[in-house]
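First the proteins, then the strands, lettered A, B, ... as listed; each starts at 1.
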Amino acid sequence: MDTSLSEKQLEELLSDILVPVDPSVQFIQRLRAQLVTYHGRDPLSIWMVIVVIATVFLLAVTSIGLVIRIFLGWVSLVGIISNRRRMKSETRVAT
Amino acid sequence: MKEPAMDEMSLAQRAGSDPEAFGELYERHVRKIYNYIYYRTGNVHDAEDLTEMVFQRALRHVAKFEDKGVPFTAWLYRIAHNLVANWHRDRSRRPIVPLDQHVAVSEVSKHPESEAMALEETELLMTIVRQLPSDRQQLLILKFVERMSNAEIGEVMGRSEGAVKSLYHRTLNALRAEAKRLEEESSASKSLKDEKVG
């Protein structure tokens, strides 16, 4: 390379090297199609997120209700059993 | 650039909800962005991948795009610039540009020797260009590939026209200095080889 290049010569050389390149038509079309699909999917995905959150919330609320019911049932069962035992022991003492 | 910029601003503002508007912006800019990335990465495969990422990112964020005096083109170039910077960070080595794919030979030489020398010069210059800091590479790509004026480059790079002009001259000087250094290095090694042979 001629290192004593003037600025103008260097610019000409750069103009020859740095030229526009055309991407392939397939690439342009494929990417456009992808972006259209992506665009169409975007609002749907927001709704999907909302639906998923709402479902999780409802399931959580329902399962908490169920857990509370089971707990209360277990407590009352324990109460009934202990009450019967206490009554039995009282009858024995009386006889 | 001023008139389409106005038009582009309204397209950009609609692009978040209107696929047609985004499609129009895509058609206008995809080649520019591809070219920019191609020259920054040096290969078609990565240029395609990164161009895809640029437009996907643009589509995700275009609804938040605001008219702050920065053209939409500049916004896209910034996305591309950031993605290319990440790409370079992820790679320890810089790939060599496959010159045979893009170098335009204006006049087909009838002399293979001179053709080979021209190709060698081109390769050397391209290697030097690719060793420049990213902002200087960006400047050269915008100036020579996109044929932008200093004012337009300034808009894209977020600099004043004067700053672009100054950076351009410093870049040319750096290119000449580096070319000279490489030339001296190669001639020194050549004479060393000749001495050994002798």
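Counting all heavy atoms, side chain and backbone alike, A/Pro20 lies closest to B/Val145 at CG-O, 3.5 Å. The two residues A/Ile28 and B/Val30 make their nearest non-hydrogen contact at CD1-CG1, 3.5 Å.
For the atom pair OH of B/Tyr38 and CG of A/Asp22, the computed distance is 12.0 Å after rounding to the nearest 0.5 Å. Atom CZ of residue B/Phe55 and atom CD of residue A/Gln34 lie 12.5 Å apart, to the nearest 0.5 angstrom. Note that the CD atom of A/Gln26 and the CD atom of B/Glu48 stand 9.0 Å from one another [nearest 0.5 Å]. Taken from CD1 in A/Ile17 to CZ in B/Phe144, the straight-line distance is 10.0 Å, to the nearest 0.5 Å. Residue A/Leu35 holds its CG atom at 11.5 Å from CG of B/Leu25, rounded to the nearest 0.5 Å. Atom-to-atom distance recorded for A/Ser6:OG and B/Arg176:CZ is 7.0 Å, nearest 0.5 angstrom.
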Subject >> Worked verdict on A/Leu14 versus B/Lys143 for side-chain contact (heavy atoms from CB on, under 4.5 Å) >> reply: CA-CA 10 Å; A/Leu14 285 169; B/Lys143 195 162 191 76; over 6 Å; no
**OP:** Would you check, one step at a time, whether the test side-chain contact (heavy atoms from CB on, under 4.5 Å) holds for B/Tyr39 with A/Val21?
**Re:** CA-CA 9 Å; B/Tyr39 277 101; A/Val21 186; 3.7 Å; yes
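Residues meeting the side-chain hydrogen bond (donor to acceptor under 3.5 Å, both in side chains) test with B/Glu27, sequence neighbours left out: A/Arg32.
Both A/Phe71 and A/Val78 belong to a common hydrophobic cluster when Ile, Leu, Val, Met, Phe, Trp and Tyr are linked at side-chain heavy-atom distances under 4.5 angstrom. No chain of hydrophobic side-chain contacts below 4.5 Å, direct or via other Ile, Leu, Val, Met, Phe, Trp or Tyr residues, connects A/Val56 to A/Ile53. Linking Ile, Leu, Val, Met, Phe, Trp and Tyr residues whenever their side-chain heavy atoms come within less than 4.5 Å leaves B/Val70 and B/Leu83 in two separate clusters.
Membership of the apolar cluster around A/Ile64 extends to A/Ile68, A/Leu72, as traced through chained side-chain contacts below 4.5 Å between ILVMFWY residues.
Sorted by first and then second residue, the pairs that involve residues 75-85 of chain B and meet side chain to side chain donor-acceptor pair (under 3.5 Å), not counting sequence neighbours, are B/Tyr36-B/His81.
Within a 6.0 Å sphere centred on CZ of A/Arg69, other residues, nucleotides and ligands contribute 12 heavy atoms or fewer.
The residue among B/Glu52, B/Glu146, B/Arg31, B/Arg147 with the most heavy atom pairs within less than 4.5 Å of chain A is B/Glu52.
Contacts of B/Tyr34 with chain A are made by side-chain atoms alone, with heavy-atom separations under 4.5 Å and no backbone atom involved.
Among the residues in residues 164-171 of chain B, those with a non-hydrogen atom closer than 4.5 angstrom to a non-hydrogen atom of chain A are B/Tyr168, B/His169.
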